[in-house]
Amino acid sequence: QVQLVESGGGAAPAGGSLRLSCVVSGYTRSSTCVAWFRQAADKEREGVAVFDTDSRWLAYTDSVKGRFTISHVASKNTLYLEMDNLKPEDTGMYYCAAGGRPGCSGRPLQNSGFFDFWGQGTQVTVSS
């Protein structure tokens with residue numbers, strides 16, 4: 001049974017930093033596509049950052065480029081999202097996700113349906 005467990009959310013002032021972690025267990029594939037999504041109140045879920053654990057290809061949504069960094073440590077089965085220079089519009093529930101096939105293909109940031117496994121989410125609140 002695949003499980004993804006996020007942690008590290010909380011409250012931060014604008015300009016501050018937070019680091020999210022996602023531990024993946026029960027996953028047997030050696031390579032896959034992993035990502036962070038977020039959902040603000042009354043808005044659709046949006047892709048934030050994506051990472052191919054085999055090729056190490058990565059991508060970000062435009063609004064977080066230069067501020068957020070996605071990384072993956074295979075030996076710990078852990079995905080991270082370092083968030084710097086936070087803005088109030090970064091507020092939302094953050095979810096990590098893992099695909100059920102090798103690698104990233106298509107436009108995974110724009111397609112939450114690409115991912116088969118999801119965590120329960122961790123809340124991030126940025127005050128102005």
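One is the number of the first residue; the rest follow in order along the sequence.
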(request) Show your working on ring pair (Phe, Tyr, Trp, His ring centres under 6.0 Å) between F51 and W36 and close with a plain yes or no. (result) CA-CA 9 Å; F51 186 90; W36 289 96; over 10 Å; no
(message) So, taking the atom named OG1 in T91 and the one named CZ in R38, what distance separates them when rounded to the nearest 0.5 Å?
(response) 9.0 Å
(request) Calculate, to the nearest 0.5 Å, the distance between atoms OG1 and CG belonging to T122 and L81 respectively. (result) 11.0 Å
(message) If the threshold is 4.0 Å, N to carboxylate O, is there a salt bridge linking D62 and K65?
(response) yes
(message) When you group the ILVMFWY residues by side-chain heavy-atom contacts below 4.5 Å and let the links chain together, are W118 and M93 in the same group?
(response) yes
(message) If I take atom CD from residue E46 and atom OG from residue S63, how far apart are they, to the nearest 0.5 angstrom?
(response) 5.5 Å
(message) Looking at C96, is its backbone amide N or carbonyl O close enough to the side chain of E6 to form a donor-acceptor pair, meaning the two atoms are under 3.5 Å apart?
(response) yes
(message) Given 3.5 Å as the limit, does a donor-acceptor pair link the side chain of T53 with the main chain of T32, or not?
(response) yes
(request) Look at atom CZ of R107 and say whether more than 12 heavy atoms of other residues, nucleotides or ligands are closer to it than 6.0 Å. (result) no
(request) Could I get the full list of side chain to side chain contact (heavy atoms under 4.5 Å, CB included) partners for Q39, not counting sequence neighbours? (result) R45, Y95
(message) Just so I know, are the side chains of D90 and R67 near enough to count as touching, which here means a heavy-atom distance under 4.5 Å?
(response) yes
(message) What's the separation between atom CZ in F68 and atom OG in S17, rounded to the nearest 0.5 Å?
(response) 9.5 Å
(message) Going by side-chain contact (heavy atoms from CB on, under 4.5 Å), Y60 matches just one of T69, V48, V50. Which one?
(response) T69
(request) Would you mind reporting whether I70 and L79 have side-chain heavy atoms less than 4.5 Å apart? (result) yes
(message) Check for me, please, whether V34 and L58 land in the same ILVMFWY cluster - side-chain distances under 4.5 Å, paths through other members count.
(response) yes
(request) Applying side chain to side chain contact (heavy atoms under 4.5 Å, CB included), name anything that partners K43, two or more places apart in sequence or on another chain. (result) A40
(request) Please lay out, stage by stage, how L4 and V23 fare under the test side-chain contact (heavy atoms from CB on, under 4.5 Å). (result) CA-CA 6 Å; L4 287 73; V23 179; over 6 Å; no
(request) Output the distance between atom CG (L20) and atom CE (M83), rounded to the nearest 0.5 Å. (result) 4.0 Å
(message) Ignoring hydrogens, what is the shortest heavy-atom contact between F117 and G100? Give both atom names and the distance.
(response) CE1-CA, 4.2 Å
(request) Give, for atom SG of C22 and atom OH of Y94, the distance between the pair rounded to the nearest 0.5 Å. (result) 14.5 Å
(request) Give a yes or no on whether the backbone of C104 and the side-chain of D52 come within a donor-acceptor separation of less than 3.5 Å. (result) yes
(message) Which heavy atom of C33 sits nearest to which heavy atom of F114, and what is that distance?
(response) CB-CE2, 3.6 Å
(message) Could you report the tightest heavy-atom contact between T78 and S21, atom names first, then the distance?
(response) CG2-CB, 4.3 Å
(request) Look at the side-chain heavy atoms of Ile, Leu, Val, Met, Phe, Trp and Tyr, link any pair under 4.5 Å apart, and say whether F115 and L109 land in one connected group. (result) yes
